[in-house]
Amino acid sequence: MSLPQAREPEGGRSAPWRELPARIWASVFRSPIVPRDDLGRMQAVGANFFFHLHASRVQGRSLRVATTLGLGLATLVLFALLCSTGIMLMFVYVPAPEQAFGRMLDLRGAVAYGPFVRNLHRWSAHGMVVAAIAHMARVFLTGSHKKPREFNWVVGVGLLLLTLALSFTGYLLPWDQLAYWAIVVGTSMANYIPGIGQDLRRALLGDEAVGPEALLRFYVLHVALLPVLTATLVGLHLWRVRRDGGLARPRGEPVGADVVLAWPHALSRELAVALGVLLVLGATALAWDAPLEPHADPNHPPNPAKSPWYFLGLQELVSHSAFVGGVAVPAVTLLLMLAAPYLERSPGGEGEWLGRKRWLPNAIFVAALGAFAVLTLVGSTLRGANWAFVMPW
Amino acid sequence: MRVSVWICVLSLALVALAVAVWRHTGDAEWQGWQRAYGCDAPEIAQDIVRGFGAERVDRCRSCHAAVEDPAWVDGTQPLRTHPPIGPHPLAEFGCTICHGGDGRALTTRAAHGQDASAQEPMLLGRLLEANCARCHDAPYPTGADHLRRGRERFEQGACAGCHGLRGLARGTLGPALDEVGRRRTLTYLRESIVDPRANDPSSRMPAFAMPDPDREDLLVFLTSLRGPGIHEDPVTQRRRARAWRDAQPAEVAMDAASGQRAFETGRCVACHRLGELDGRVAPDLSHTALQRAPRWIAEHLADPRAHVPDSAMPSLWLSASERAAIAIYLETAPRAELPASPPETYGALCARCHGPQGDGLGLGAGALLPRPRALTNARFFNHQPEERPIASILEGVPGTAMPPFEKVLGRERAQALWTWIRATFVREARNPRVSRLAAPERTAPPPDEASIARGADTFAVRCVLCHGRRGDGRGPAALDLLPRPRNLRNISFLTNLSDARLFASVSWGIVGTGMPPWESLPVATRWDLVDFVRSLSRRP
């Protein structure tokens with residue numbers, strides 16, 4: 001690929017300072033800021049580090065709203081938003097039980113824009129879990145995980161687990177009653193894993209109970225290890241999307257019939273999705289304050305003590321049977337999720353919503369997702385003191 | 001719509017959102033108050049207080065900017081001069097150490113402890129005195145009069161009998177109160193005093209009659225109980241806790257005078273009645289001298305459940321000699337003359353437990369188990385032998401709160417009293433056609449391990465719903481029944497019952513109570529049940 005050359009200096013040695021801005025520009029951006037022809041537009045994408053994950057030309061159908069609903073990109077935008085707001089919060093937060101909660105109170109009152117940034121971080125975290133699950137549902141229901149994209153689905157499952165882990169580790173940090181007891185309940189479910197459960201819990205908490213060690217470990221996981229892992233896997237995930245030829249296409253659709261340039265068509269739509277996500281989250285953060293309960297008190301469990309919402313379905317199952325909820329269902333679900341693209345070998349249904357050939361996998365997936373939703377709803381709204389069944393009003 | 005239009009619209013909306021966020025953050029409450037105070041460049045005012053327990057960050061003066069400005073004496077809150085506080089300069093003490101609330105917060109709701117995240121409420125009015133106890137031991141400083149009176153009320157009331165509180169109370173029946181001010185809200189505490197079963201339906205705490213001002217003072221004291229004060233270093237705390245734990249009740253001389261002192265410091269009349277003093281909760285002790293032997297009284301004080309297994313009376317912290325002295329004092333305490341007529345006698349002796357209407361709902365009835373018999377239960381009395389109620393009046397009912405009245409009344413007056421009760425409360429005449437079956441002679445072989453085991457099996461099927469698995473009268477259906485199912489482990493009561501009477505109760509039930517007849521069971525099985533019930537209350 002030929003790179004655009006900086007313009008030849010007109011006056012030779014006459015005015016080297018006059019060409020300096022152009023040379024600096026050309027050294028940074030290898031294409032003009034507004035490319036004037038298709039070649040320039042393709043180069044704008046291909047030569048830019050941030051854009052090169054795109055092919056310079058994409059399928060027109062990939063850009064239609066109904067194809068992806070923009071869910072993967074929304075998840076990515078939320079991740080970026082979480083990283084940026086998270087770094088802001090790190091300037092205030094101290095991961096020690098004596099200070100953590102006080103810092104939350106400072107954030108709420110005495111730090112400029114503190115409540116807004118915290119709300120934004122909190123709601124984005126919930127939003128990212130929702131968006132990641134929705135993105136996964138979209139991919140499955142359009143058959144986009146099938147050959148040759150099997151491994152990228154596995155990477156995606158890993159990213160979903162990392163998203164949950166990020167949310168879960170962040171849940172403890174405010175060190176209020178809500179945080180403390182959700183983590184106590186959540187980590188106690190690890191005890192049901194046969195063999196390694198106890199050790200896993202101890203390794204995570206650094207102690208027998210949730211305390212200062214757990215807070216520090218969760219903090220390091222939350223701000224260092226898990227984000228780096230997630231960013232790496234996101235890179236792999238996106239790179240493979242391109243390597244696998246962009247989004248999945250229905251079989252037999254001619255290649256190249258419906259091709260548009262990534263610049264400006266894909267980029268403008270991505271910008272629109274990003275702006276939309278920012279707007280929704282910003283408005284949410286402005287309208288609703290993130291919850292903050294009294295300081296964590298290990299002697300006073302709330303009744304009922306509930307885990308974070310995405311584990312409430314499991315908690316509901318655990319309340320009926322520790323083995324089913326703590327071992328069988330999560331293990332089987334995870335294995336099925338990882339194995340799904342390898343189990344489903346017959347071709348057909350790629351790139352089309354609820355393909356008729358794939359009615360059975362789709363039905364199983366929708367049923368599982370529905371069960372997750374119902375169990376989560378039951379656990380969150382219909383369970384009261386002593387985990388007794390109550391009406392939500 | 002074209003994508004570029006979307007981008008424009010969304011960008012404009014985002015700009016609008018940013019402006020909204022900026023405005024929302026900009027017009028903080030405290031800035032407005034500082035401008036009202038006359039400060040053009042508002043900034044957060046912050047007192048960092050160290051040396052009183054955990055570090056405190058008090059930002060109260062961000063709104064209350066005029067607390068140290070004498071020109072604002074007539075101002076309205078939050079801009080008002082603080083009244084003189086003498087030895088508590090604001091710069092050293094901050095605000096929340098006395099006032100409570102959340103000093104870090106900068107909104108009224110959060111700072112005044114009305115937020116979901118509130119650690120402690122802001123205390124207002126007389127309740128503010130509760131925070132004096134953070135640093136000051138009793139006797140509290142002048143000005144904390146409600147707190148002092150509340151403590152006196154605690155000391156004079158019956159609280160110490162059941163509740164524990166380091167340095168003040170040694171009860172074990174009720175919850176310890178050392179940190180009750182931190183753990184419970186004011187509303188919860190008030191409700192628990194007015195109606196103890198409002199918050200905890202299984203509470204056995206009596207509803208003490210208490211004038212409202214007394215109760216409010218007591219609440220100030222209870223609010224002040226937040227565990228070890230910040231003025232006690234850990235060494236002092238341990239030393240005091242150990243001294244309190246290791247202390248022994250003093251031995252006293254065995255005479256009526258020291259008995260009276262122990263009786264008064266033990267706060268017996270906070271529940272019981274003696275002469276003019278009446279706690280209106282527990283039985284009348286005015287005639288104890290003629291009803292209970294000194295030995296019985298001393299044993300009852302040592303362990304109230306020795307003679308009355310379901311007694312709600314706490315075991316008081318008394319030495320053996322104090323218990324004996326109290327018994328001596330009760331033997332010699334002055335007694336009022338008894339009125340002559342049966343109705344007046346009933347009012348003086350019986351109404352306290354059996355109720356003025358004879359319905360068994362007297363003053364102390366709620367705390368007594370077995371509950372006082374409802375004298376209006378005509379079916380019950382008309383199916384009992386006529387001599388039994390009189391025997392109960394004369395000899396009392398062992399294992400219950402019913403004391404013997406033989407020496408108090410004499411036989412004739414007891415007979416007259418029962419005749420009056422029969423006419424007034426039972427009312428229904430006996431049906432001459434109902435003849436009570438005579439209790440049979442034992443036909444089964446004498447009891448052995450096998451018959452007890454068979455009885456236990458039958459009991460587990462037929463009887464546990466009411467009498468409970470342990471036979472203690474606390475089965476799942478027990479609370480639905482009045483009179484309550486009998487506690488079959490009540491040794492004092494069961495010892496007085498013949499096997500024949502037990503067999504009769506099993507066979508034909510007890511009319512007027514929830515006990516049904518079990519005539520359908522084979523005779524041998526019924527005798528097995530009798531053997532098993534006997535085995536429950538065998539003396540070890």
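Labels below follow one simple rule: chain letters A, B, ... track the order of the sequence lines, proteins then strands, and each chain is numbered from 1.
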May I ask you to check whether over 12 heavy atoms, not counting those of [X], lie within 6.0 Å of atom [atom1]?
X: B/R170; atom1: CZ; value: yes
X: B/D40; atom1: CG; value: no
X: A/W123; atom1: CH2; value: yes
X: B/R197; atom1: CZ; value: yes
X: B/W244; atom1: CH2; value: yes
X: B/R242; atom1: CZ; value: no
X: B/R469; atom1: CZ; value: no
X: B/E43; atom1: CD; value: no

Can you measure from [atom1] ([X]) to [atom2] ([Y]) and round to the nearest 0.5 angstrom?
X: B/I7; Y: A/L275; atom1: CD1; atom2: CG; value: 6.5 Å
X: B/H24; Y: A/Y113; atom1: NE2; atom2: OH; value: 11.0 Å
X: B/R182; Y: A/H300; atom1: CZ; atom2: NE2; value: 7.5 Å
X: B/E55; Y: A/Q99; atom1: CD; atom2: CD; value: 7.5 Å
X: A/L271; Y: B/S11; atom1: CG; atom2: OG; value: 6.5 Å

Write down the atom of [X], the atom of [Y], and the distance for their closest heavy-atom approach.
X: B/A20; Y: A/L286; value: CB-CD2, 3.7 Å
X: A/A272; Y: B/V3; value: CB-CG1, 4.5 Å
X: B/A110; Y: A/R108; value: CB-NH2, 3.3 Å

The single option from B/L14, B/L10, B/L17 passing side chain to side chain contact (heavy atoms under 4.5 Å, CB included) against A/L278
B/L14

Using a strict cut-off of less than 4.0 Å between a Lys/Arg side-chain nitrogen and an Asp/Glu carboxylate oxygen, indicate whether B/R183 and A/D297 qualify as a salt bridge.
no

Is the closest side-chain heavy-atom distance between B/R59 and A/D106 below 4.5 Å?
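Yes, close enough: below the 4.5 Å cut-off.
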
